[in-house]
Amino acid sequence: MSTQPSRIANASYQAFPPIQVTTIEAHILDQQRSHPEATGVLTSLLYDIALSAKIIAHATTRAGLIDVLGKTGLENVQGEQVARLDVLANETLIRVNSPTGRLAGMASEENADIIPIPEGYRTGPYVLLFDPLDGSSNTDYTISIGTIFGIYRRISKTGPGQIEDFLQPGRSLVAAGYVIYGNSTVFVYSTGQGVHGFTLDPGVGEFLLSHPNIRIPDPARFYSVNQGYERYWSSGVRQFTDYVQGKTGEFNGGLSMRYVGSLVADFHRNLLAGGIFYYPADSKDPDKPHGKLRLLYECAPMAYIAGQAGGYASDGKGPILDIVPTSLHQRTPFFVGNRCLVETAEAYIKRYG
Ligand code: AHM
Ligand code: MG
């Protein structure tokens, strides 16, 4: 036998750094352990959403190569043009989640009414609400877009989900999250135990933990708003915008402005860097006096995530999470980010309207 030491055994070089690899499934299961009463249904549901996200990401990253860009020529319930990727993302979420037996029903920004579980399939204890492809005005330009979701426990006892199962305030969310399809695909979620982010490794086909325990940093760096609409805003919102820019002299140096026009992208950046995103009520469209963003599909899930990361979300008067929805597609003014900034926005609105 050779006494020559092995080159490999002696080598200090390592082909791969000794990183800890945590899949999204392992992470959700781990969180579930602190809830002995948990049945595993929520864990599986989150994994189903992650699977849907992988399918959507697979399409978005090849968008110029496969036939998914452009508009369908149809309008959704909001009167907005439906992009073809909107349909693909919506159909993916519905098809993946319909037959699992984990849901009593779904509601989507793209569907006028509750999406029932098809006949022949069992119903389950949760309802799932989603904006399948947020930022869809950006899809044709290779700009980050995303999926936003919220999960509530059903209120009705059995059978198909009823409207009261869906019209719950954000405080009752049991989980929420979003997926950003950007230069990488990142899945961010919370089940009330902090906020955690996972990056899709396309080679492995798994979301791997990359952003554990996200906290919104302080001081904030950015404000994000479509300032092209400033002339339509109330006096309080305009004066708050002067404040964040440092024009009024109260805010030392002011904040830098960043606005993508995809809520997921603007929110995600501000979550990691600190800042405030707002889409206030405006007088641009008399049919939409309450702002543009939807309470159930966009604002409540993001408010839940922000709160879990140490931030805060408001409609300009009080917490988004306290609003009890009265209709599926209800809109609301939305201010979200670092608590001190959002509370300052509330103070300006209270004082100046
Ligand atoms: P969408 O869900 O139809 O894409 O609309 C919501 C989007 C948000 O992502 C974004 O913050 C906002 O609309 C941008 O609107 P605007 O172009 O008016 O600034
Ligand atoms: Mg949206």
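Given the structure is predicted, the values throughout are model-derived calculations rather than measurements. Just follow the structure's listing: the first ligand is 1, and inside any ligand the first atom is 1.
For ligand 1, one of its N or O atoms has an N or O atom of S136 under 3.5 Å away. Annotation: G135 places an N or O atom under 3.5 Å from an N or O atom of ligand 1; distance criterion only.
Under the 3.5 Å distance criterion, the side-chain polar atoms of D266 are left unmatched by any main-chain donor or acceptor of L263.
Ion pairing between R102 and D48 holds under the 4.0 Å rule for side-chain N and carboxylate O.
A heavy-atom separation below 4.0 Å is not found between Y297 and ligand 1.
Considering Y304, F187, Y178, Y189 as possible partners of F149, the one that fulfils the ring pair (Phe, Tyr, Trp, His ring centres under 6.0 Å) test is F187. Tested against Y278 for a ring pair (Phe, Tyr, Trp, His ring centres under 6.0 Å), the candidates F335, Y348, F222 yield a single pass: F335.
Distances from atom 3 (O) of ligand 1 to the heavy atoms of E109, K292, Q227 put E109 nearest. Nearest to atom 19 (O) of ligand 1 by heavy atom, out of F277, Y278, Y259, is Y259.
Which parts of ligand 1 touch L263 is read off a 4.0 Å heavy-atom cut-off, strictly below it: atoms 8 (C), 9 (O), 10 (C), 11 (O). Close approach to Y229 involves these atoms of ligand 1, each under 4.0 Å from a residue heavy atom: 16 (P), 18 (O). Less than 4.0 angstrom separates some heavy atom of R294 from each of these atoms of ligand 1: 1 (P), 2 (O), 3 (O), 5 (O), 6 (C). Per-residue contacts place S262 under 4.0 angstrom from the following atoms of ligand 1 (heavy atoms of the residue considered): 9 (O).
The number of heavy-atom neighbours closer than 6.0 Å to CG of D113, taken from other residues, nucleotides and ligands shown, is 12 or below.
Summarising the geometry of G105 relative to F166, their closest heavy-atom pair is C-CZ, 3.7 Å, with the distance given to 0.1 Å.
No side-chain N or O of T248 forms a donor-acceptor pair with one of D242 less than 3.5 Å apart.
Neither the backbone nor the side chain of V264 comes within contact range of ligand 1; no heavy atom lies under 4.0 Å.
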